[in-house]
Colleague: 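The structure under discussion is supplied below as structure tokens; questions concerning it will follow.
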Amino acid sequence: MDAVTIKSRSSSFKTFLKLIPYILRKRKYFAIAVASMFLSSLLSVLIPSFTRVIIDEGISAGNFQVIPYYSALIIIVTALMSLLGYFERYASILFSQNVVFDLRNDVFKAIQRQSYAFFDEVPTGQLIARVTNDTDAMSRFLSFQLRSFINAITLTILAYVYMFQMNFKLSLLTMLILPVMIIVNLKYSSMIRPLYSTIRYQIGVLTSIVNSNLSGIKTVKALAIEDFELERFSRENDRLFELNVKAAKIRSIYGYCGRLILGLGMAFILLYGGYAIIGGEFTIGELTAFNSYLLMLMWPMRALGFFISGFQRSMTAAQRLFEIMERLPEVKEKPNAIELPPVKGEVKFEDVTFSYIKGKPVLKNISFKVNPGEKVVLLGPPGSGKSTLIRLIPRFYDPDRGRILIDNVDIRDVKLKSLRRQVAFVSQEPFLFSGTIKENIAFGQPDASMEDIIAAAKAAKIHDFIMTLPRKYDTVIGERGVTLSGGQRQRLAIARALLTNPRILILDDPTSNLDAETEKALVEDLKEVMKGRTTFIVTQRLSLVKLADKIIVLDDGQIVEMGTHEELMARRGLYAKMYSIMLEDQKKVSPVEMPIRGDSD
Ligand code: ADP
């Protein structure tokens, strides 16, 4: 066993310790399962001893009364075992499902608690695989493997009690088989375990590909890159196939190895036992019983092997779940965080530097101040850091250096909920889920009143449209219902953002997916929406730039120009250059592709 194996075994054990509180919480079911199993093992070791009595004291001794009596006992014992088997299975399923239910809830809660950086780091496919496959693995472990392990141990002990009573020397000799079996199984598990974790990872990779392909299927079709996507999928699928074949190979080789060892053991017992019977030290009944016990032990020995490999595999799954649960979100709320009082909407960046990856800052020494109610447009080439900058205001990420103040309060000193109620963020592609319009607007604010919802919809100029729908605010949208246009989706997202009547509004490229007509109408209505709210807009569209009181031009993570349209035009710098490109673009009939249009997400 190498150092790595030992280390992983001890870490598996540590993980198991973390599971114990979950197990203890459901100890009632566990106790019923283990008690039924113990009784059932106790009964099952009786059967070979009954057989021995039938042979030795019935058949060989010519005492025929013994035979029906013990046969009847065997029937009763078997019936009782079936009944206990029912309790054992039922209780252990209840036990494992209950524990997994708690685990799943806790993992889901932990995922909700994470901040943005976590989701940058862990692809959605991996996350889905973790929550579904890993909890599945846990349920298998708890309902089957753990039970098998306890069963194997009790059965082995009980069988040996009877075997030692019958023949001490032979029992001792058969015990030699146990370490050989265990060594074979350990070798097996150390080979198969890393393979299993690679397989799991690979399943995650495939899920990620399918996920991103399906969510971007229209883009894939538009770019006609189906072949490229197919090739990528097929390559990863091949890898999964090879890994599975490799695992199957190892499984079959070691599976037969174990059987061979036991076969040799059986042959040895028959040989030794046969001579012992002839020598008068052993009876035929004893040999038969002995053989039955050895057959009975075959399964526990294999179960032990399964348990060892299963244990590590399950603990790897459990460890991944605990990793999520124990991970502290990057954006932490201070224990003494205060409620952000209702703000006027002044926003100040003080020498803010931020990086996604250590040592590679994407925002450098950003300082500016925005007065309450001012409209700020952020401009700059793709990748210059516009989207990143606005994500810092609702604290999706924390800066590495510097501070962000709202009404002179450092946003790291306030409760996240109170901050995000006053800073509304509308993303480029707003997320609408399958549900009613009402639910979509009140997303995250289940106690919002109908008046508030209607007021928000009116402000976002979507109310009139909603009223034309057959079920009005109760109309189901999304996969199961009415399909909305890009403009309607944006307006719904804006209504959602306005529900808490925030003083600060952030719009991340709100018109990027809209046609010229829709854009024009939305921009017109946005004027109304922005009234009295400090607004940050990331855009490449002239129509929105025109609304700005202040323009911030970013380049390579730094502010290169800042001021009003007139001031910046006079400088004849980057803004003036971008402005002329935007102007050109607006002249075109369809403003679909812009030369400076950024993939700001
Ligand atoms: P813009 O909005 O101006 O197009 P972004 O703020 O989106 O620019 O990106 C700025 C830089 O940060 C880019 O180099 C981009 O690749 C990088 N970046 C953006 N998001 C992430 C992320 N989640 N993880 C790592 N790097 C990122």
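Numbering of ligands and ligand atoms starts at 1, following listing order. All values below were derived from every heavy atom in this structure, side-chain atoms included, with hydrogens, water molecules and symmetry-related copies excluded.
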Colleague: Which atoms of ligand 1 have any heavy atom of T388 under 4.0 Å away?
Modeller: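 Within the 4.0 Å cut-off of T388, ligand 1 contributes 5 (P), 6 (O), 9 (O), 10 (C).
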
Colleague: Quick check on contacts: which atoms of ligand 1 are under 4.0 angstrom from a heavy atom of K386?
Modeller: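 Answer, ordered by atom number: 1 (P), 2 (O), 3 (O), 4 (O), 6 (O), 8 (O).
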
Colleague: For F108, does the CZ atom sit with more than 12 other heavy atoms under 6.0 Å from it, leaving out its own atoms?
Modeller: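 No.
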
Colleague: With a cut-off of 4.0 Å, which atoms of ligand 1 are near a heavy atom of P381?
Modeller: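 Those atoms are 3 (O).
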
Colleague: Can you tell me which portion of V362 lies within the under-4.0 Å heavy-atom range of ligand 1? Options are side chain, backbone, both, or neither.
Modeller: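 The answer is the side chain.
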
Colleague: When you measure from atom 1 (P) of ligand 1 to each heavy atom in G557, G383, G380, which option holds the nearest one?
Modeller: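 Shortest heavy-atom distance from atom 1 (P) of ligand 1: G383.
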
Colleague: Is it the case that atom CZ in R401 sees more than 12 heavy atoms from other parts of the structure closer than 6.0 Å?
Modeller: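 For R401, atom CZ is not crowded (no more than 12 foreign heavy atoms under 6.0 Å).
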
Colleague: Would you call the rings of F16 and F141 parallel, tilted or perpendicular, taking 30° and 60° as the class edges?
Modeller: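 Correct class here is perpendicular.
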
Colleague: Taking everything shown except R421 itself, do over 12 heavy atoms lie less than 6.0 Å from its CZ?
Modeller: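 No, not enclosed.
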
Colleague: Could you check which of Y356, Y397, F354 puts a non-hydrogen atom nearest to atom 19 (C) of ligand 1?
Modeller: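 The option holding the nearest heavy atom is Y356.
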
Colleague: If only atom types and distance count, is the side chain of K550 paired as donor or acceptor with the main-chain N or O of K369 below 3.5 Å?
Modeller: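 Yes, because the side chain of K550 sits within donor-acceptor range (under 3.5 Å) of the backbone of K369.
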
Colleague: Identify, by atom number and element, the atoms of ligand 1 in contact range of P382, meaning under 4.0 Å from any of its heavy atoms.
Modeller: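 By the 4.0 Å cutoff, the relevant atoms are 4 (O).
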
Colleague: Identify the heavy atoms of Y579 and M569 that sit nearest to each other, and give their distance.
Modeller: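 Closest approach of Y579 to M569, heavy atoms only: CD2-CE, 3.6 Å.
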
